[in-house]
K.L.:
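My questions all concern the structure below.
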Amino acid sequence: MAEIATSPTYRRAGGIRRLLERYPFLPALAIVLVLLALNGVFSPNSLSYRSLTGLLSTYMALILLAIAQTYVVYAGDIDLSAGSILSLVNVAIVVLMERWGGGAGAVLLALAIGLLIGLACGLVNGFVVAALRLQAIVATFATSIFFTGLALYILPVAGTPAPTIFWRTYGGRLLGLPFVFYILAALVVLLTVLSRTRLTTQLLAVGDDQQAAYQTGLPVVAIRIRGYLLCGLFSALAAFCITGDTASGDPLVGGKMTLFSVAAVVLGGSALSGGWGTVVGSLLGALTIGLISSVVFFMGTPSEWQNFVQGLAILIVLMAGVLAGRRARP
Amino acid sequence: MSRITSFLRQPIVVALILIVLLLYLGELLSPGFASGAQILRLMIVASLLGIVAAGQNVVILGGREGIDLSVGGVVSLSAIIAGNVMNGADGGILPAIAACLLAGAFFGLLNGLGITLLRIPPLVMTLGMLGVLQGLLVVIRMGIPSGQAAPALSRFVTQPLVLGVPGIIWLWVAIGILMAFMLNRTVFGHRIYAIGSNEHAAYMAGVPVRLMRIALFMISGMFSAIAGLCLLGYSGSSFANVGEQYTLTSIIAVVFGGTSLAGGKGGYTGTMAGAFLLVILQGILTTVNIDESGRQMVFGATLLVLMMFYGRGRAMRA
Amino acid sequence: ETFKIGLSNGWVGSEWRTQMIDEAKEAAAKWKDKDVDVEVSVQSANVDVPGQIAHIRNFIAEGVNAIIVNPNSPTAFDPIFAQAKEAGILVIATDAEVSSPDAIYVGIDQTAWGAAGAKWLAETLDGKGKVVAINGVAGHPANEMRVAGYKSVFKDFPDIQIVNEVNANWDQAQGQQAMQNILATYPDINGVVVQDGMAAGAWKSIMDAGKKDQIAATGEIRKDFIDLWIKDKLNSGATVNPPGVMASALNVAVLMLQGKELKEPAKAGQYGNALYLPIPFIDSKNVEEAAKQLEGKPGYYSYTSSLSIEEAEALFK
Amino acid sequence: MSKLKLSGVSKAYGATLALRRGDLEVLAGEVHVLMGSNGSGKSTLCKIIAGSVRPDDGRILIDDTPVTITGPRSARAQGIGIFYQELSLAAHRTVEENVCLAALPAKAGLFVDRTALKERAARYIALFDGVSGDGFSADALVGNLRPDQRQLVEIMKALASEAPLIIFDEPTSALDRAQVERFFEILRDLKRRGRGIIFISHRMDEIKAIGDRVTIIRDGETITTLNLGETDAGTVIRLMVGGAGDMPASQSSVPAVVDAKDGAALTVRNLSGAGFRNVSFEVARGEILGFGGLHGQGQSALLRAIFGAGAVASGEILIGSERFDAASPRDAIRRGCAYVSGDRGRDGVISGRPIIENVTPIHYLRDRLMIARPSKLSDRVAPALESMHTKFASLFHPINSLSGGNQQKVIIARWLIDRPDVLLLDDPTKGIDLSAKADLFALIRQLAAEGLGIVLYSSEDAELLGNANRILVFNGGSVSRELIGADRTRYNLYQAAYEAA
Ligand SMILES: Nc1ncnc2c1ncn2[C@@H]1O[C@H](COP(=O)(O)OP(=O)(O)OP(=O)(O)O)[C@@H](O)[C@H]1O
Ligand SMILES: Nc1ncnc2c1ncn2[C@@H]1O[C@H](COP(=O)(O)OP(=O)(O)OP(=O)(O)O)[C@@H](O)[C@H]1O
Ligand SMILES: [Mg+2]
Ligand SMILES: [Mg+2]
């Protein structure tokens, strides 16, 4: 049969497109590198080993939160309560660690409970969105109010220092390397493992076309709930990092981070409509957000213009992320 | 019998029943809550939210994941512009209205262009625009004095105008009638539903999809601008971030009104009821004497329960 | 002499914050007369706690001599302040206290701020009546300290009854809505404790309800409110949290960078690291004076006060 | 022994009775055909068996044991596989992932076993080697494939279920002949291996070629089951439409060549664009010009391009004697051009909206209306729908309450209020039953008689041969042959379609 090479929609994937199809996070990586370079140009000091470690330990929480968000976005859902889950876990573990004396055992036990809280919140979200079929944006906004109330109940006012052992470990070094590097390494391993699970493929299939996935015989409700569970889990991990970086509990700490996590996911080239994306992209997206605000400052932007320039830069990069992401997928 | 149940299932009817129930509950919990004067005052607050929600409503109806997260930013911006243009003088009201509408339309246009020409998802585009607007507010406030509402505007919003009812409520009712007419009886309205339920089919049937969508975001910007102007009248002077609270509440009001976030389904009458419902709920929670943590938990949980009445997604197995 | 000072403002949602930064910049410029070059570097953004931690990191990377921060959290900065101190940087918090032993706090005592308003109200009401409170953001430390402040005062007035406390998030419109709801259900209240940022809104509702002569309520320090206060003869009293606190902190910072030592080390407050500044109070007796200071300023401009260089020097040995 | 037995199955959507009484018995080793006009309930019946629709009533027996099917998963577990008419594919997943999606091979219970997945998928992909077309590979993303290729993936997916009973709900509607042939070979093989197969198609020749028995459904009711070997098309159709159903008139006479003396309605000169190149033709007023050839040879792309919905690189188009290059469908509609797509779900139906709003959009545009007055509009809409014999309860019911065929009639009716000059038909009868087809072609001929220029692309030879005055056969994006007069034979059409391939 004669081939019709001119038809654009049926075109075989070409070089760059093929590459993007395989590694959809490449544009995000490029943006991060450019921003790092700009940072270096305006303030050479900001590329020092120490500064980069600092960047990582500060933004590790947002990175994890963005990854949390990615798993629900895979399935075409969204979680506007991720930041409140982070706050809730943050205050819960800090209060528990203090109550149990702040020893190593107490810390570990509190962390375990923190994970359970994250999972429980994820379960609530998954239940209301997937099982009760409420619209994700508004339902998770409602649960976010609820979780914030809970966090305020547990810790009515920011304070309560975390045990020294905990935050010294997070901010310290192990065998000569900063601890966050180990976290990053562990994260990479965890993400690789997760990317090979059936759940990841199933989440993406559900995100592609929910009805089709159901008709195929996938347990769609259970899969979406698992997505929210993963989101809760990673939000709890993000809470650990923020607790490590801030050494305290604050019931409002995550409030502003939710929308940033959504932005990070988009910056990373994932499609908010589901079915397409990578967690690595979201990781890079979170770094992008951090680096933009640094660049805006190091460029010497007058303080009253900083917000505007930053907002504009994020908008532009968001557009770039979306446009590049679209090139990659069918 | 089935007629009655299907009547009772209409979102607007559900919302009205819930409104009556909530008012009754409010009166039980704190006597005086459901007095006529208080209901009017609640309606003033609801009308501000309702006007923002009108724009949100058309954007959502237009489909393709339509949503406008920048409404809060436009409301704030418009309040500041209005305050500075009128600066306490009644004569400045008309120029202020023009300036606000222009600003609202401009940012709506930017949203619309990004969404149609670059095909950025609305959530992303308007979220980014919100960040830009917040930044712009800082810049503007550094450069200009923030002004005062004109007395006539304040009176319009807070004082009885006709039949003991403040002007803003009449304005809201007028907007409600206008929206109902537009959505049901105009070609433009039918085209909103058409692009909301099947954009491609609408395109193939000659609907100017891009122009429509840009228009919807401009309408949203302009409604937010009107709300910002009224908010200035309500609070007397403009200040930073006044509009912030409207971003997500306007979406909830639309959802409570029975409009599907998927687009193409719903209307504004329900949204009006939804906005009122939300304001009553917030009002009850303020007057009940419990801890803030308790208030938030009750608010969050109540929102979830109320959502059970509305627009639940279809079961996958029909 | 040249000092580089980093100013970090974690939130840009109010004019008060903008004025705070402006005044700090002006204070820095004044050091020129003393042949000290104070270079300020400002990071002002609508960020979360990690974002503000990043501010501090940026300052450390930039190599500033001192950092003055209006913090988004009282405790979250302990580790990063420790790092700043390690790098030899002086850290001062202002407006909201921080728990870090590596920083000092220069600003007003928020508890005393809350107490002062309550005391005025209790006395205005002759120690009896029904009172409601409209607070800021629940869980925010400054808010909680102010709440503790008014509570401790009302404890001493058994005939004053707090009938309800609500949160309106330091948002004027929300304060107005809250007041409106409260007036509907508690028509017989006598007094309102409302934090600044919301007082103008609350007063608007009180006036709309025609109750401005029955109700005494705390007020605000913004020019437009003070004008209204005088014009409508409101029964109000405003504790001043001056936006000049950051300027005061800057002056203290420069003197410390010059190697001077405080006469009395900063040891006040719950974290034992605070240097409290005096809290002015405006009531109907001196409101005209306050208005004079604000003459010609825009409506959002706040009544302010700060330590001049000389006043700051007086605190040092 | 019967593999599957349904009795008294019913399903109502609100007031619409989709399925009144479904009875069906499928034996092992047979291809059991379901026939019925649009909206008769075939798909509903299939979806009930496959678990994706919940029946209101009725009994299902598998291997003579009563079963309860609670959902697609439970249906699979009980040995039922299905090809969905509207497909069930994940566009951003690869072909192999889609084929195995229902049961991803697992390692350690948690991870996807990539090697096993590739192996398993390769078995089914290999079945269509040679006919799956260009760009088809195991690791291609389904979203990048052509419609016929997607349909092949759905077939592979159904086959991969290895279920004893497989349902194929119109699996051939987008396939070309070679693909259909290959598919039928596979079906025959399955038959030999004792599988039970349910097969739905509106194409009589396919049914003859592959079916063993046929069950006829009319208005949601099972009428009867016949042995295909012992019956003829006429009987089947009469049973389908109930009583007064003769062979559709359109099939009985062949239209003559039309004189071009009235002038050209549409002229296309050297048109090239995405998917077609260097195409020239002329359609006279009153003429029906047929487009033939295998699937995806540029026919649809060309029609869309003329209508302003696809890109034109070079060449010119004239409507009447005026130069016409529509930048958008809106433009084209204003200039009197009409386009009906077979893919009504994508191009036609404004779902969830009332029938009346589905008919009026063209009228709005042509008459430049601003205000929509339902009573006035009804007067215009109702006659258009009646001329198509559309079945509907009220103009204000949502279009989704109609069956597929009636929905398509509504879509066509929107072009009849304000008459266009040129009518482009892009496989307009896809998934439409025989009597609706007959209605449609009668109308098309009438429109031609009234002086419209009509271009008809159809994937069914019979439709072209029965209606077109002339046929252009497409191959590789350009016209390879023109069939006029007596040349218009099935043989010539077939040969022209394949000659360059
Ligand atoms: N989602 C739905 N909501 C309401 N009614 C429906 C729905 N789906 C189907 N129906 C009704 O059920 C009837 C049967 O539909 P079905 O799709 O099973 O018919 P069909 O035999 O496959 O016809 P076609 O050849 O048009 O596809 C239709 O007439 C329609 O009115
Ligand atoms: N507001 C409207 N709402 C719905 N349909 C309308 C409206 N105005 C006009 N039409 C349609 O246009 C057709 C002709 O309208 P009208 O009765 O105005 O015709 P006319 O004035 O005789 O014709 P012409 O438009 O050629 O002058 C009507 O049959 C109706 O279908
Ligand atoms: Mg069917
Ligand atoms: Mg069908």
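Below, read A as the first sequence line, B as the second, and so on, with proteins coming before strands; counting in each chain starts at 1.
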K.L.:
Please classify the contact of A:Q215 with chain B as side chain, backbone, both or neither, using a heavy-atom distance under 4.5 Å.
P.N.:
neither

K.L.:
Any heavy-atom pair between the side chains of B:L127 and A:V266 that's under 4.5 Å?
P.N.:
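No; the side chains remain at least 4.5 Å from each other.
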
K.L.:
Distance check, rounded to the nearest 0.5 Å: B:T247 atom OG1 versus A:F141 atom CZ?
P.N.:
9.0 Å

K.L.:
Please name the pair of heavy atoms, one in A:A142 and one in B:M307, separated by the smallest distance, quoted to 0.1 Å.
P.N.:
CB-CE, 4.1 Å

K.L.:
Let's test your reading of the structure: which of B:A301, B:A262, B:G131, B:A315 forms the most heavy-atom pairs below 4.5 Å with chain A?
P.N.:
B:A315

K.L.:
Check for a donor-acceptor pair, side chain of A:Q135 on one end and backbone N or O of B:S260 on the other, with a separation under 3.5 Å.
P.N.:
no

K.L.:
Would a 4.5 Å heavy-atom cut-off, applied to side chains only, mark B:M308 and A:L132 as touching?
P.N.:
yes

K.L.:
Just jot down the side chain to side chain donor-acceptor pair (under 3.5 Å) partners of A:T216, sequence neighbours excluded, or say none.
P.N.:
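Here the qualifying residues are D:K157.
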
K.L.:
Which members of residues 109-125 of chain B, sorted by number, sit under 4.5 angstrom from chain A on a heavy-atom basis?
P.N.:
B:L118, B:R119, B:I120, B:P121, B:L123, B:V124, B:M125

K.L.:
Just checking heavy atoms, which of residues 307-316 of chain A are less than 4.5 Å from chain B?
P.N.:
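Listed by number, the contacting residues are A:N307, A:F308, A:G311, A:L312, A:L315.
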
K.L.:
Quick check on the structure: residues of residues 290-298 of chain B within a heavy-atom distance below 4.5 Å of chain A, by number.
P.N.:
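The residues closer than 4.5 Å to chain A, in numerical order, are B:E292, B:S293, B:Q296, B:M297.
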
K.L.:
Could you tell me which non-hydrogen atom of B:V138 sits nearest to which non-hydrogen atom of A:E304, and how far apart they are?
P.N.:
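Heavy atoms only, the tightest pair is CG1-O, 3.7 Å.
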
K.L.:
Heavy-atom distances under 4.5 Å only: say whether B:L133 touches chain A with side chain, backbone, both or neither.
P.N.:
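Interface part for B:L133: neither.
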
K.L.:
Under 4.5 Å, counting heavy-atom pairs only, tell me which of A:T143, A:I137, A:L150, A:V221 racks up the most with chain B.
P.N.:
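Winner by heavy-atom pair count: A:L150.
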
K.L.:
Give, as side chain, backbone, both or neither, the part of A:V138 having an atom under 4.5 angstrom from any heavy atom of chain B.
P.N.:
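Both parts, backbone and side chain.
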
K.L.:
Shorter than 4.5 Å, heavy atoms on both sides: which option in A:L80, A:V317, A:L272 has the most such pairs with chain B?
P.N.:
A:L272

K.L.:
Please flag which part of A:I154 lies under 4.5 Å from any non-hydrogen atom of chain B: side chain, backbone, both or neither.
P.N.:
neither

K.L.:
Relative to chain B, which segment of A:Y153 carries a heavy atom at a distance below 4.5 Å: side chain, backbone, both, or neither?
P.N.:
both

K.L.:
Is it the backbone or the side chain of A:S303 that comes under 4.5 Å from a heavy atom of chain B, or both, or neither?
P.N.:
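No part of A:S303 comes within 4.5 Å of chain B.
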
K.L.:
Between CD1 of A:I78 and CD of B:E65, what distance do you get to the nearest 0.5 Å?
P.N.:
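Rounded to the nearest 0.5 Å, the CD1-CD separation comes out at 10.0 Å.
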
K.L.:
Return the option, out of B:L69, B:L248, B:L137, with the maximum number of heavy-atom pairs under 4.5 Å with chain A.
P.N.:
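The answer is B:L248.
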
